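Remarks on the structure that follows.
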Amino acid sequence: MGFFQRFRRMIKSNLNEMISKAEDPEKMLDQVIVDMNRQMIESKKSVAGAIADEKKLERQLNQTIAAAREWEEKAKLAVRAGKDDLAKEALLRKQEYMGEAAQYREQLEGQHDSVEKLKQSLRQLQQKIDEAQRKRNLLIARAKRAKAQQKMQETIKGINQNSAFEAFDRLSEKVDRMEAENEAYEELDAPVKDDLERQFEALEDGRGTSADLLLEDLKQRMKHEEPS
């Protein structure tokens, strides 16, 4: 498993643990960002070490190539001196250095690829940290809202809804009964009219609404309206 994969797993594990135990979302997020920056520093050290190894391989490659060229020059010197056997030995030494150079070059290419991947991962990690810092306030608001909703759900679960509704129904029935009793008392308290009063009231009501009276009134008004 690569370094950055271990780093992401560690951050995720720590974050999940902090979320499950956290009471203050703001402090939690601040601590997460602090931890991420701390791990970022450690990651940069690891990438710097990989870059240093790449440069070391590059120096070794250059030194090996320089040694091979030097033995080639020695072989040329031996040829000019008429010492072919010595020239052959110098050329064999050159071949040894060239073989080492080929190995160094292969290692250097592999190390260079690794360094570029580490740099890319480091840039992505930095972008994630920057994004977390930018979204800090938004995450805090979301965390507080989620916590408030959680408390509300816990409160609702703690209420015996059936008992609450039954109590409401009983109270409603009691109010209805009290209103009915008040109306009954008002009816009992009203003055009782004797039969004679009720008869006169009926006559007065009948006289006021008699059809004959209404008709007579209409005729009188029509007489006044007709032209003389």
Side-chain angles (χ1 to χ4, degrees), residues 1-63 103-179:
M1 182 182 296
F3 172 80
F4 287 100
Q5 290 179 335
R6 293 196 302 271
F7 169 73
R8 283 193 291 267
R9 287 188 60 182
M10 181 185 65
I11 287 293
K12 184 177 181 181
S13 175
N14 293 343
L15 182 59
N16 290 336
E17 182 179 359
M18 292 179 68
I19 290 174
S20 62
K21 296 180 179 179
E23 296 181 356
D24 190 337
E26 186 172 355
K27 291 182 179 179
M28 178 195 71
L29 290 170
D30 288 342
Q31 185 60 46
V32 168
I33 292 176
V34 169
D35 291 342
M36 292 175 71
N37 283 318
R38 185 181 298 116
Q39 292 299 325
M40 183 68 179
I41 294 174
E42 296 298 324
S43 301
K44 286 182 178 180
K45 291 180 180 178
S46 298
V47 176
I51 294 174
D53 291 340
E54 180 185 9
K55 292 184 178 299
K56 181 179 178 180
L57 286 172
E58 187 177 2
R59 286 195 301 270
Q60 291 173 333
L61 173 61
N62 293 333
Q63 290 172 359
Q103 294 178 3
Y104 279 127
R105 184 176 288 105
E106 182 179 357
Q107 292 182 20
L108 179 60
E109 290 175 354
Q111 185 67 15
H112 179 74
D113 292 340
S114 297
V115 167
E116 290 302 316
K117 290 179 181 178
L118 289 174
K119 286 181 179 179
Q120 179 64 24
S121 298
L122 194 63
R123 285 191 291 269
Q124 292 176 353
L125 180 59
Q126 185 63 58
Q127 291 174 356
K128 292 294 184 182
I129 294 176
D130 294 340
E131 182 181 2
Q133 290 174 336
R134 290 194 303 270
K135 293 184 176 180
R136 172 184 171 276
N137 293 335
L138 177 60
L139 293 173
I140 289 173
R142 289 172 58 189
K144 289 182 178 179
R145 184 171 65 253
K147 192 170 184 179
Q149 291 175 348
Q150 182 180 8
K151 288 184 177 180
M152 180 60 68
Q153 292 298 327
E154 292 174 355
T155 301
I156 293 175
K157 289 180 181 178
I159 297 176
N160 187 339
Q161 295 183 350
N162 291 333
S163 298
F165 284 120
E166 289 175 0
F168 181 83
D169 291 339
R170 289 196 300 270
L171 180 60
S172 178
E173 291 176 359
K174 185 175 181 180
V175 171
D176 291 341
R177 185 170 60 254
M178 292 174 62
E179 290 178 346

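These figures come from a predicted structure and were not determined experimentally.
The line from CD1 of I33 to CZ of R38 is 13.0 Å long, rounded to the nearest 0.5 Å. The distance from the OG atom of S46 to the CD atom of E42 is 7.0 Å, given to the nearest 0.5 Å. How far CD of Q149 is from CZ of R145: 6.5 Å, rounded to the nearest 0.5 Å. Residue S114 holds its OG atom at 12.0 Å from NZ of K119, rounded to the nearest 0.5 Å.
Listed by chain and residue number, K135 satisfy the side chain to side chain donor-acceptor pair (under 3.5 Å) test with E131 (two or more places apart in sequence, or in another chain). In terms of the side chain to side chain donor-acceptor pair (under 3.5 Å) criterion, R134 has no residue partners (sequence neighbours excluded).
Taking every heavy atom of both residues into account, L61 and R105 meet most closely at CD1-N, 4.0 Å. Scanning all heavy atoms of the two residues, the minimum distance from L118 to A50 falls at CD1-CB, 3.7 Å. Here the closest heavy-atom approach between residue S43 and residue L122 is recorded as CB-CD1, 3.8 Å.
Side chains of R136 and Q133: no donor on one and acceptor on the other come within 3.5 Å. Under the 3.5 Å distance criterion, with hydrogens and angles disregarded, no donor-acceptor pair is assigned to the side chains of Q39 and D35.
Screening Q127, K128, Q126 against D130 for a side-chain hydrogen bond (donor to acceptor under 3.5 Å, both in side chains) leaves a single residue, Q126.
K27 and D30 are not joined by a salt bridge, as no carboxylate oxygen comes within less than 4.0 angstrom of a charged side-chain nitrogen.
The list of side chain to side chain donor-acceptor pair (under 3.5 Å) pairs with a residue in residues 51-63, not counting sequence neighbours, reads E54-H112.
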